[in-house]
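Here's the structure, in structure tokens; my notes come after.
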Amino acid sequence: MSQMMHIDNIPSTPGKFKMEKSPYNRLRMHFSLAKLTFWSLVFLGLIFVFFYRSPASSSPVSSDLSRRSLRTSSYGGPAWEMRIKASAKVRSRNGISVLVTGAAGFVGTHVSVALKRRGDGVLGLDNFNDYYDPSLKRARQALLERTGVYVVEGDINDTTLLKKLFDIVPFTHVMHLAAQAGVRYAMENPGSYVHSNIAGLVNVLEICKSVNPQPAIVWASSSSVYGLNTKVPFSEKDRTDQPASLYAATKKAGEEIAHTYNHIYGLSLTGLRFFTVYGPWGRPDMAYFFFTRDILKGKSIPIFEAANHGTVARDFTYIDDIVKGCLAALDTAEKSTGSGGKKKGAAQLRVFNLGNTSPVPVSDLVSILERLLKVKAKRLVMKLPRNGDVPFTHANISSAHKELGYKPTTDLQTGLKKFVRWYLNYYGNGKKSAQ
Ligand SMILES: O=C(O)[C@H]1O[C@H](OP(=O)(O)OP(=O)(O)OC[C@H]2O[C@@H](n3ccc(=O)[nH]c3=O)[C@H](O)[C@@H]2O)[C@H](O)[C@@H](O)[C@H]1O
């Protein structure tokens with residue numbers, strides 16, 4: 001019987017496998033050794049490059065981020081730089097070049113598309129973490145790519161990456177939207193709020209203050225900074241020292257940090273206090289989004305009420321109105337005044353409410369959804385849990401109106417109609433459903 005051996009029959013322990021003797025064996029072994037040494041060196045080199053560039057060491061704050069994917073993927077190289085330059089290229093007269101952090105997020109996507117469509121240069125940055133379904137973020141990324149916006153995958157705490165981006169493009173503006181959002185999740189994962197909303201913000205500002213020229217920065221604060229404030233409507237002059245959640249506290253801290261960087265380094269800074277933004281491509285962790293999903297599934301939905309059966313209400317603001325406010329903030333932002341890390345003169349420092357000025361009770365939101373979805377909700381009315389939620393929000397927008405020409409035009413009924421149309425289309429008429 002022939003002793004020929006098929007590749008599948010070679011013993012798995014090489015030590016037990018006898019090499020066939022041949023005059024060419026020595027020569028083959030010599031070449032194999034040389035090859036082995038060469039590939040080992042290549043492998044060691046790659047390991048060195050990987051660890052040397054790893055962002056983990058550049059984060060000044062450690063937090064519980066184990067379940068999230070924050071690692072910056074490999075970057076660099078001429079093709080990568082060309083993509084960045086093409087995306088950030090200004091195509092209109094008087095256009096601006098904007099680095100949008102959190103570009104694959106809800107507001108980030110809409111703002112990036114709007115900027116790109118009017119001819120501004122836009123580069124996105126996003127870490128694609130799994131706070132909510134990352135496939136929705138990937139779908140937004142695909143939309144952005146179709147519009148000509150490239151999204152670099154990386155974390156705002158990655159100093160090396162941020163520096164590199166500014167080396168490639170001298171951005172005139174930064175639209176800083178990357179953040180850990182959500183009021184209730186702060187009790188589950190407080191570290192993620194410190195990582196993104198404090199350490200991440202400081203890292204972005206550190207880079208902005210040291211580059212030349214310094215960009216102007218517009219960034220996302222939140223209506224939640226009004227916390228337990230009872231004076232309505234909320235005005236920018238009202239007290240914001242009673243946050244009801246860690247989320248709110250980190251956004252409030254952000255406003256103080258902004259003051260410091262403006263004061264010391266001359267950075268032009270505008271904080272926008274968004275009021276419960278909703279609309280197509282929204283965030284699945286928000287009530288209007290998961291109420292829609294659960295009503296369609298026939299699942300009961302918890303509707304919070306305040307003490308003594310009091311109404312819980314929100315000044316829900318439609319995404320297109322928010323986008324107009326963001327663009328107006330960028331367009332009216334004055335230049336930063338510092339250079340080489342030193343302030344040369346006083347710089348602009350602003351905070352604006354971007355709301356709808358028309359609070360709607362959460363139970364009315366559910367009634368609108370019922371009508372649009374043609375499904376009756378299973379309402380489970382319960383006391384507002386002590387988890388960071390506040391009973392109501394209501395924006396005074398006179399300052400934004402005066403300085404930015406901000407004038408919201410979409411009521412909740414109209415905005416939710418657009419959201420529901422998008423939802424049914426995106427999730428296949430409710431057959432697929434949001435996670
Ligand atoms: O303006 C902001 O700065 C914030 O807006 C948003 O927070 P909120 O206004 O709290 O929105 P959202 O969670 O959708 O709850 C809406 C309403 O439903 C009620 N609500 C909520 C959950 C539930 O199970 N039942 C319920 O009644 C709840 O009590 C509330 O009255 C952003 O998520 C946040 O990231 C931040 O940007």
Side-chain angles (χ1 to χ4, degrees), residues 102 105-108 131-132 177-189 192-193 196-197 219-227 229 233-234 240 243-252 254-255 271-279 282-295 299-307 309-319 321-322 325-326 351-357 359-369 377-395 397 408 412 415-416 419 434:
F106 171 35
V107 180
Y131 166 58
Y132 60 79
L177 298 169
Q180 175 59 60
V183 172
R184 294 170 288 278
Y185 181 65
M187 291 177 77
E188 264 175 67
N189 189 357
S192 66
Y193 290 79
S196 296
N197 304 356
W219 69 284
S221 182
S222 158
S223 73
S224 65
V225 298
Y226 292 107
N229 191 12
F234 300 161
T240 51
S245 65
L246 182 70
Y247 169 71
T250 59
K251 285 295 181 181
K252 167 68 179 167
E255 292 187 357
L272 301 175
R273 293 177 180 166
F274 295 153
F275 281 69
T276 317
V277 190
Y278 72 99
R283 278 175 27 215
D285 64 314
M286 288 184 68
Y288 75 94
F289 199 116
F290 67 78
F291 282 178
T292 300
R293 177 194 66 204
D294 291 346
I295 291 172
K299 265 178 77 178
S300 56
I301 53 170
I303 300 172
F304 300 154
E305 64 172 24
H309 303 292
T311 307
V312 170
R314 284 291 178 277
D315 197 0
F316 296 100
T317 311
Y318 190 62
I319 183 66
D321 290 323
I322 290 291
C326 291
V351 172
F352 294 112
N353 286 341
L354 291 187
N356 196 47
T357 62
V360 177
V362 176
S363 54
D364 290 8
L365 162 89
V366 176
S367 303
I368 298 173
L369 286 176
K378 290 187 184 140
R379 297 172 186 238
L380 198 68
V381 178
M382 57 172 69
K383 236 179 93 196
L384 190 70
R386 275 182 198 275
N387 56 8
D389 266 310
V390 292
F392 61 87
T393 60
H394 184 181
I397 54 162
L412 187 60
L416 280 179
F419 164 72

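Side chains are part of it too, since the values below use all heavy atoms of this structure and drop only hydrogens, waters and symmetry mates. Starting from 1, each residue takes its place in the sequence as its number. Both counts, for ligands and for their atoms, begin at 1 and track the order of listing.
- Interface atoms of ligand 1 facing Phe275, defined by a heavy-atom separation under 4.0 Å, are 1 (O).
- With ligand atoms numbered from 1 in the order given, ligand 1 contributes 29 (O), 31 (O) to contacts under 4.0 Å with heavy atoms of Val312.
- Of all the atoms in ligand 1, the ones that sit under 4.0 Å from a non-hydrogen atom of Ser224 are 3 (O).
- A donor-acceptor distance shorter than 3.5 angstrom exists from the side chain of Thr317 to the backbone of Asn356, with no hydrogens or angles considered.
- Applying the 4.0 Å criterion to heavy atoms of Asp389 picks out, from ligand 1, the atoms 10 (O), 28 (C), 29 (O).
- A donor-acceptor pair under 3.5 Å is absent between the side-chain atoms of Asp315 and the main chain of Gly355, judged by distance alone.
- For Asp285, the side-chain hydrogen bond (donor to acceptor under 3.5 Å, both in side chains) criterion is met by Tyr131, Arg283, not counting sequence neighbours.
- Side-chain atoms of Ser196 never come within 3.5 Å of backbone atoms of Tyr193 as a donor-acceptor pair (strictly under, hydrogens ignored).
- Considering backbone and side-chain atoms together, Val390 places no N or O closer than 3.5 Å to any N or O of ligand 1.
- Here is the list of ligand 1 atoms found below 4.0 Å of a heavy atom in Ile303: 27 (O).
- Between Tyr288 and Phe419, the ring centre distance stays below 6.0 Å.
- With a heavy-atom cut-off of 4.0 Å, Lys251 does not touch ligand 1 at all.
- Listed for the Ser222 side chain is a donor-acceptor partner under 3.5 Å among the backbone atoms of Ser224.
- Note on Asp389 versus Arg314: salt bridge recorded, some NZ/NE/NH1/NH2 to OD/OE distance being below 4.0 Å.
- Looking at Arg184 against ligand 1, only its side chain comes within 4.0 Å, counting heavy atoms.
- For atom 36 (C) of ligand 1, the choice among Phe106, Phe291, Tyr247, Phe274 with the nearest heavy atom turns out to be Tyr247.
- The closest non-hydrogen atom to atom 30 (C) of ligand 1, taken over Arg379, Arg314, Met382, comes from Arg314.
- Atoms of ligand 1 found under 4.0 Å from any heavy atom of Pro302 (numbered from 1 in listed order, with element): 23 (C), 24 (O), 25 (N), 26 (C), 27 (O).
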(message) For a side-chain contact (heavy atoms from CB on, under 4.5 Å) check, start with the C-alpha distance between Tyr247 and Val225, then their side-chain angles and the critical distance, and finish with the verdict.
(response) CA-CA 9 Å; Tyr247 169 71; Val225 298; over 6 Å; no

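- Under the 30°/60° scheme for interplanar angles, the aromatic rings of Phe234 and Phe392 are found to be tilted.
- Residue-to-ligand polar distances keep Val362 apart from ligand 1: every N/O pair is separated by 3.5 Å or more.
- With values rounded to the nearest 0.5 angstrom, Leu412 atom CG is found 8.5 Å from Asp364 atom CG.
- Backbone and side-chain nitrogen or oxygen atoms of Phe316 are examined, and none is located within less than 3.5 angstrom of a nitrogen or oxygen of ligand 1.
- Of the protein's heavy atoms, Val183 CG2, 4.0 Å lies nearest to atom 7 (O) of ligand 1.
- With Lys299 contributing its side chain and Arg293 its backbone, the two residues share no donor-acceptor pair below 3.5 Å.
- Under a 4.0 Å criterion applied to the non-hydrogen atoms of Ala287, ligand 1 contributes the atoms 12 (P), 14 (O), 15 (O), 16 (C), 18 (O), 21 (C).
- Below 4.0 Å from some heavy atom of Ser222 lie the following atoms of ligand 1, by number and element: 2 (C), 3 (O).
- For ligand 1, the polar-atom distance check against Asp285 finds no nitrogen or oxygen pair separated by under 3.5 Å.
- Contact between Phe392 and ligand 1 is absent, with no heavy atom of the residue lying under 4.0 Å from the ligand.
- Looking from atom 6 (C) of ligand 1 to the surrounding protein, the closest heavy atom is Met286 CE, 3.8 Å.
- The closest protein non-hydrogen atom to atom 32 (C) of ligand 1 is Arg283 NH2, 3.7 Å.
- Residues that satisfy the ring pair (Phe, Tyr, Trp, His ring centres under 6.0 Å) test with Tyr318, not counting sequence neighbours, are Tyr278.
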